[in-house]
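What you see is a predicted model; the values in this text were computed from it and never measured. Below, chain A is the first sequence line, B the second, and so on; all start at residue 1.
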Amino acid sequence: MASALSERRLLSSRTECAHMARYDASKVEPKWRAVWEDRASFAAGDDPDKPKYYVLEMFPYPSGRIHMGHVRNYAMGDVVARVKRAQGFDVLHPMGWDAFGMPAENAAMERKTHPGTWTYANIDAMRGQLKLMGLSLDWSREFATCDPEYYAQQQSMFIDFLDAGLLTRRNATVNWDPVDMTVLANEQVIDGKGWRSGAVVEKRDLTQWFFRITDVADELLSAIDTLEGWPEKVRTMQRNWIGKSEGLQMRFDIAENDLLPDGEQLEVYTTRPDTLYGMGFAAISPDHPLAKALDSKVPGLDAFRAECKAMGTSEEALEKAEKKGFDTGLQVRHPFTDELFPVYVANFILMDYGTGAVFGCAAHDQRDLDFARKYGLKVLPVVAPEGDAAFTVEAEAYTGPGMMINSDFLNGMEIEAAKQTVADRIAERGMGEKKTNYRLRDWGISRQRYWGCPIPVVHCESCGIVPEKKENLPVRLPDDVSFDKPGNPLERHETWKNVPCPACGKDATRETDTMDTFVDSSWYFARFCSPRAGTPTERDKVDRWLPVDQYIGGIEHAILHLLYSRFFARAMAKTGHLSEASIEPFKALFTQGMVTHETYQSEDGKWLSPDEVERTGNGATANGKPVTVGPIIKMSKSKRNTVDPEAIIAGYGADCARWFMLSDSPPERDVEWTEAGVEGAARHIQRVWRLTEEALDRLPAHGAPAPDIDGAALDLRKVTHKTIKAATEDIAAFRFNKAVARLYELTNAVAGFKGTGAAADWALREALETLAKLMAPMTPHLAEECWATLGCDGILADTAWPEAEDALTVDDLVTLPIQINGKRRAEIQVAADASKDDVEAIALAEPEVVKFLDGATPKKIIVVPGRIVNVVV
RNA sequence: GCGGGCGUAGUCCAACGGUAGAGACAGAGGACUUAAAAUCCUUCCAGUGUGGGUUCGAUCCCCACCGCCCGCACCA
């Protein structure tokens, strides 16, 4: 067998045809993919004898083509899946499509097609591309969220959630594009105009559905502590997003006036009740009901409110904007001193946080201080830093710790005690109570869109809101719709919209809003456990597979998607679709970095794509004209700095793309795609192949018993087993770049192996088989080809992960550096297990050390076994 | 403004508080070749952003500053 192969190899190298002189990925890769597919190698088994492992990468939006970000994401997930599988786990590694959303509708408008047609065509294209990557996916579980079978179950759960009180309906202000007749997300509003239509965006109050996520805000917050497998960064982001603050909600009496009936109160929220004696004014949001009520009664207020509105509500503009207020003429009475304070409408008060009203304490809040200085309002410090009785405030508010002053019964207290005391006193008087507030808002899911999951309710004049009967689900999207007119086609689809009431049978109308696409992606991980079930989940399946053991995706989903999924898992547990054990759906999370590339601009400022550009030393040209090389940024269509994965796979092979994606940069960091880097990866793949083939002649049979091993053969075995140990640990810890480096080391050791004889041949086979096994998670096609070439049993995808022999991972002799006063002066060779005393003795006998000591007695000798000896003189 | 991350050779990156260098890319020289490609061998280069501190010893821990990146952001 071996000789026949080698004969062919010799022949081929001479004739450069027939057998591979070079490794040809375009031939090898499809072959192994077909083998895996035929054998259903990657189907999850529901095998009760094996421990389960669920690895999931965030499923893609079917935009039409995969991009390098996908390649990186799925390459990483596949490494995890393949290693776990080889380690004996029953692995669930599924793939699907996050398929609803606006791009499909936009495409429908532009191309006069149906969003579904466009979406499914894209899915077909992208599935084909993904399959080229050779991922160990269980394709039998594939679904798209726009499949009626999927959204039927989502609608069913919507009804369960409705019954369980997890949903509510209320008015909310939205960005409304009057031309497109649709709601816009904040990101779609650019300079106050709709991104597509360019029309000035209006604020509109619409009745919308909300998931009551704020009801579990505290639970979502406290459970973050249990997410030990999540990056600290993401946990912090979620905590900040939920934004818990504890304070006092209290009511001020409004002094008698001509504008309002007597006895009106102003309710405010504060986290600093201790500063109540430092109050200088009260302020309300321009959108506060009181401001609205006074709008026409107080001259000039309408103009001020209009001015605030015109300023917009977008982040940074607000930050820089000047604090402005308008005195309403109203006054509120201090609950303890009866002092009266003016009530301002102020542009920096947010209506949707707290009560939309505050009391201002200028001395201890910078915004309040700026405001008070501008309008000549009272500034009275009530907290003094320790030992500063004559404390005053100038331009900077004091927010640090200290002792209460100027505060009657609070004087001398610490801040915390004062907070407590004020809260108690206010509560005693029935003027307020402690309240916890959250930055987190309820999750509004109504979208005035066609291409989404229909909200399965009917509006009946007699019965009100009536959920669709479950046996009638799904409420299907009608196919006969057109996008030639603006607005939601469901609104004008008379036969779809007008239906009898499910309760009373009278004429009624369907809800025409569809659900936010974040709903679709909030439970797909559970659906993968039984993707064809007639219920949203099957309890035995989700109980076995969930939680997801390893979730991998981009940091851009650190907040919304993950928070919504955490909420959904709780809601599903509450309605019986999941067990309580799965309310945290993702046990471990990994957020990978982006794929970046240089940018190129021609002389006239046009962006150029990498394949139009030729790099020349430090510069670059396109068609002979000079090109400006710009910053290295995330691949994006607008900057044209993308590289097409399919072209790379066609040119270099999937293994090469995968290997490169895992090399060099730590996976959580950005990686720069470079042509040189890819070529390096390709060279390595060729090298592994060549080393394998060239060794065939001398190798003993697969599984041959080991002869006595020593010398060079033993050294190689040590490298092999050290590599097994290190690479396995590196992969488990998501240090793929280091695992790759280990494999280069093993490859270099094989390439430089000089051993001869039976022991050497045996060790060489072990090294090559191990190299194939260890590379398999990253370059699976190459690894299978090497495995087969080496004449091994079965296929590598079914072969167990190698185990390191501990005895071979440690050296007998170690080289220890000797430091004298922290500087390296000599080194010694000692037995790895030498005692501290022995090492010390050897070190002190070392000529260099003797010379340095020059007869003196060392003050101290530090021996770190296996590491270093430091002699302090 | 608040919170977090990063800063090591020309580049990407490694180094339980212990010899600054594992690996890759790029560069240089050489071998093989009619030549090129491919391959192989050899090899130059830095002392860890800056300044302090802790320590026998700091790339690593602490403090301050500089630079870059990310998240949140008038949240009462």
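The nucleotide B/A64 finds its pairing partner in B/U50, both defining distances of the Watson-Crick or G-U wobble pair being shorter than 3.5 Å. B/C40 and B/G30 make up a base pair, with Watson-Crick or G-U wobble contacts both under 3.5 Å. Using Watson-Crick or G-U wobble geometry with both donor-acceptor distances under 3.5 Å, B/G23 finds its partner in B/C12. Across all strands shown, nothing is found opposite B/U59 as a Watson-Crick or G-U wobble partner with both distances under 3.5 Å. The partner of B/G1 is B/C72, judged by Watson-Crick or G-U wobble contacts that both fall below 3.5 Å.
Set against B/C12, B/A76, B/U39, the side chain of A/S665 has B/C12 as its closest nucleotide. Closest approach to the A/I868 side chain among B/C72, B/C40, B/U19 is made by B/U19 (side chain taken as heavy atoms from C-beta onward). Side-chain atoms of A/N748 lie closest to B/A24 of the nucleotides B/A24, B/C25, B/C56. Among the nucleotides B/U19, B/A14, B/G3, the one closest to any side-chain atom of A/T236 is B/G3. Of the candidates B/A22, B/C56, B/C72, the closest approach to any side-chain atom of A/V872 belongs to B/C56. Nearest nucleotide to the A/T815 side chain, out of B/G18, B/C70, B/U19: B/U19. In this structure, the nucleotide among B/U19, B/G23, B/A14 sitting nearest to the side chain of A/A741 is B/G23. Counting only heavy atoms from C-beta on, A/M237 has its side chain closest to B/G71 among B/G18, B/A76, B/G71. Comparing atom distances between the A/R690 side chain and each of B/C40, B/G4, B/C75 picks out B/C40 as nearest.
Residues A/Q366 and A/T399 are not in side-chain contact: their nearest non-hydrogen atoms beyond the backbone lie 4.5 Å or more apart. By the 4.5 Å heavy-atom criterion applied to side chains, A/D664 and A/V671 are not counted as neighbours.
Between A/R867 and B/A15 there is no side-chain polar atom (N or O) within less than 4.0 angstrom of OP1 or OP2. Phosphate contact (OP1/OP2 of B/C56, side-chain N/O of A/K860, threshold under 4.0 Å): present. Residue A/R683 places none of its side-chain N or O atoms closer than 4.0 Å to OP1 or OP2 of B/A24. At B/A73, one or more side-chain N or O atoms of A/R439 fall inside 4.0 Å of OP1 or OP2 (strictly under the cut-off). Between A/N347 and B/C74 there is no side-chain N or O to OP1 or OP2 distance below 4.0 Å. Contact check, A/R735 against B/C13: no side-chain N or O comes under 4.0 Å of OP1 or OP2. The shortest distance between the side-chain N/O atoms of A/Y744 and the OP1/OP2 oxygens of B/A24 is not below 4.0 Å. At least one side-chain nitrogen or oxygen of A/K738 sits closer than 4.0 Å to the OP1 or OP2 atom of B/A15.
No salt bridge links A/E745 with A/K722; every basic N to acidic carboxylate O contact stays at or beyond 4.0 Å.
For A/N437 against A/Y353, the heavy-atom pair with the smallest separation is CB-OH, 3.8 Å.
B/G17 and B/G7 are spaced 15 Å apart, taking the P atom of each and rounding to whole Å. Comparing B/A15 with B/U8, their C1' atoms sit 10 Å apart, to the nearest whole Å. One P atom belongs to B/G49, the other to B/C60, and the distance between them is 8 Å to the nearest Å. Across the P atoms, B/C65 and B/G71 are found 24 Å apart, a figure rounded to whole Å. Going from the C1' atom of B/C70 to that of B/A28 covers 40 Å, rounded to whole Å. The P atoms of B/U54 and B/U59 are separated by 16 Å, rounded to the nearest whole Å. Distance noted for atom C1' between B/C56 and B/U19: 16 Å (whole Å). Rounded to whole Å, the C1' atom of B/A24 lies 26 Å from the corresponding atom of B/A36.
Taking atom CD of A/E745 as the reference point, atom P of B/A22 lies 9 Å away to the nearest angstrom. What separates CD1 of A/I242 from C1' of B/A73 is a distance of 17 Å, to the nearest Å.
The residue among A/M351 and A/R669 whose nearest nucleotide of RNA chain B is located toward the 5' end is A/R669. For the pair A/P865 and A/E827, nearest-nucleotide mapping onto RNA chain B gives the more 5' position to A/P865.
Side chain A/K323 to base B/C74: a donor-acceptor pair is found below 3.5 Å. No hydrogens or angles were tested; on distance alone, nothing pairs the side chain of A/N821 with the base of B/G57 as donor and acceptor under 3.5 Å. Remark: the A/N870 side chain and the B/C56 base include a donor-acceptor N/O pair separated by less than 3.5 Å.
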As a quick check of understanding, evaluate side-chain hydrogen bond (donor to acceptor under 3.5 Å, both in side chains) for A/Y23 and A/T692, giving each step before the final call.
CA-CA 11 Å; A/Y23 177 78; A/T692 301; over 6 Å; no

Any chance you could lay out the ring-ring contact (aromatic ring centres under 6.0 Å, His included) test for A/Y344 and A/F371, step after step, and finish with the verdict?
CA-CA 10 Å; A/Y344 278 76; A/F371 192 79; 5.3 Å; yes

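Rounding to the nearest 0.5 Å places CG of A/N347 at 7.0 Å from NZ of A/K323.
Within 4.0 Å of A/G243, counting heavy atoms only, lies no atom of the nucleic acid at all.
Taking the six-membered ring for Trp, A/W659 and A/Y744 have ring centres closer than 6.0 Å.
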